[in-house]
Amino acid sequence: MNVQRPARDVRRTLPERKRIALIAHDGKKEELLAWARRWETTLAAHELLGTGTTARRVADTLGLPVEGLMSGPLGGDQQIGARITEQRLDLLIFFWDPFSPMPHDPDVKALLRLAALWNVPVACNAASADFMISSPYVAENYDASIPDAGEWIAARTRT
């Protein structure tokens, strides 16, 4: 039997203190930094992580702790993707540059696919990030529906 998707969903509670990934392509780093300065007080209430230079620059600009992962092209996008699959990431703010060629485009697509699969909210520009970070859900528990991975694996191994 070829099971294409999990048969049912389970609930995952995103905590009050969200784990937020901040990623920006080179042409969007200044825009992300300006956005982060506007939302510094809100971001300070959450756990921040980011890829490569973005993490360092956000930490330096805001004076907040930001867990730095590898640069996106060196595997940072995949590290963020792993956090998503492990349910250790709650929001993804990824300012990507539609005008720049991306040599690691497959990694970016994989990251966005995982965010969609695991029902992780994604903002890809300042406007969507404003809507996301100003939501009342950002500061409270939120129940999200996610795939029942255990059931999906069990269904695929049954004969």
### Task
For the pair Leu112 and Val122, evaluate side-chain contact (heavy atoms from CB on, under 4.5 Å) and give the outcome as yes or no after the intermediate values.
CA-CA 8 Å; Leu112 295 174; Val122 177; 4.1 Å; yes
### Message
Run Phe95 and His25 through side-chain contact (heavy atoms from CB on, under 4.5 Å) and show every step you take.
### Response
CA-CA 7 Å; Phe95 285 22; His25 286 147; over 6 Å; no
### Task
Applying side-chain contact (heavy atoms from CB on, under 4.5 Å), run through Met132 and Val138 and close with a yes or a no.
CA-CA 7 Å; Met132 179 190 292; Val138 82; 5.7 Å; no
### Worked check of side-chain contact (heavy atoms from CB on, under 4.5 Å) between Ile146 and Val10
CA-CA 6 Å; Ile146 62 169; Val10 294; 3.7 Å; yes
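Side-chain contact, Thr54 with Lys29: a donor N or O sits under 3.5 Å from an acceptor N or O. Using a 3.5 Å distance cut-off with no hydrogens or angles, the side chains of Trp96 and Asn125 do not pair a donor with an acceptor. Looking only at atom types and distance, the side chain of Asp143 has a donor-acceptor partner in the side chain of Thr13 under 3.5 Å away. A donor-acceptor contact closer than 3.5 angstrom links the side chains of Asp107 and Gln78.
Using a 4.5 Å heavy-atom cutoff, the side chains of Thr53 and Asp26 are not in contact. Residues Arg19 and His46 have side chains not in contact (no heavy-atom distance under 4.5 Å, counting atoms from C-beta outward). Trp35 is not listed as a side-chain neighbour of Val58, based on a closest heavy-atom distance of 4.5 Å or more. Taking 4.5 Å as the limit, every side-chain heavy atom of Thr51 sits out of range of all side-chain heavy atoms of Gln79.
Nearest heavy-atom pair, Ala55 versus Gly68, reported as atom, atom and distance to 0.1 Å: CB-CA, 3.7 Å. Contact between Leu48 and Pro65 at its shortest, heavy atoms only, is CB-O, 3.9 Å. Between Asp9 and Pro147, the shortest heavy-atom distance links the atoms OD1-CA, 3.9 Å. Shown here for Leu114 and Ile84, the closest heavy-atom pair between the two residues is O-CG2, 3.7 Å. Across all non-hydrogen atoms, the minimal contact from Ala21 to Ile80 is CB-CD1, 3.8 Å. Contact between Arg12 and Arg88 at its shortest, heavy atoms only, is NH2-N, 4.3 Å.
Put simply, Leu43 and Leu32 are part of the same group of oily side chains (I, L, V, M, F, W, Y) that touch within less than 4.5 Å, one to the next. Both Val108 and Leu49 are part of a single hydrophobic cluster, where members link through side-chain heavy atoms under 4.5 Å apart. Under the 4.5 Å side-chain heavy-atom criterion for ILVMFWY residues, no single connected hydrophobic cluster contains both Trp118 and Ile20. Residues Met70 and Phe94 do not share a hydrophobic cluster, clusters being chains of Ile/Leu/Val/Met/Phe/Trp/Tyr side chains in contact below 4.5 Å.
For the atom pair SG (Cys124) and CG (Leu92), the distance works out to 10.0 Å, reported to the nearest 0.5 Å. Distance CD1/Ile23 to CG/Leu111: 5.0 Å, rounded to 0.5 Å. Rounded to the nearest 0.5 Å, atoms CG (Leu91) and OG (Ser135) are 9.0 Å apart. Ser128 contributes atom OG, which lies 11.0 Å from atom CD1 of Ile133 (distance to the nearest 0.5 angstrom). To the nearest 0.5 angstrom, Tyr142 atom OH is 8.0 Å from Leu14 atom CG. Atom CG of Leu33 and atom OG1 of Thr61 lie 4.5 Å apart (nearest 0.5 Å).
Ionic pairing of Glu31 and Lys28 is present here: one or more N-O contacts between side-chain nitrogen and carboxylate oxygen are shorter than 4.0 angstrom. The residues Arg83 and Asp90 are annotated as not salt-bridged, no charged nitrogen and carboxylate oxygen being separated by less than 4.0 angstrom.
The backbone N or O of Asp97 lies less than 3.5 Å from no partner atom in the side chain of Ser100, so there is not a single donor-acceptor pair.
For CZ of Arg37, the number of neighbouring non-hydrogen atoms (other residues, nucleotides, ligands) closer than 6.0 Å is greater than 12.
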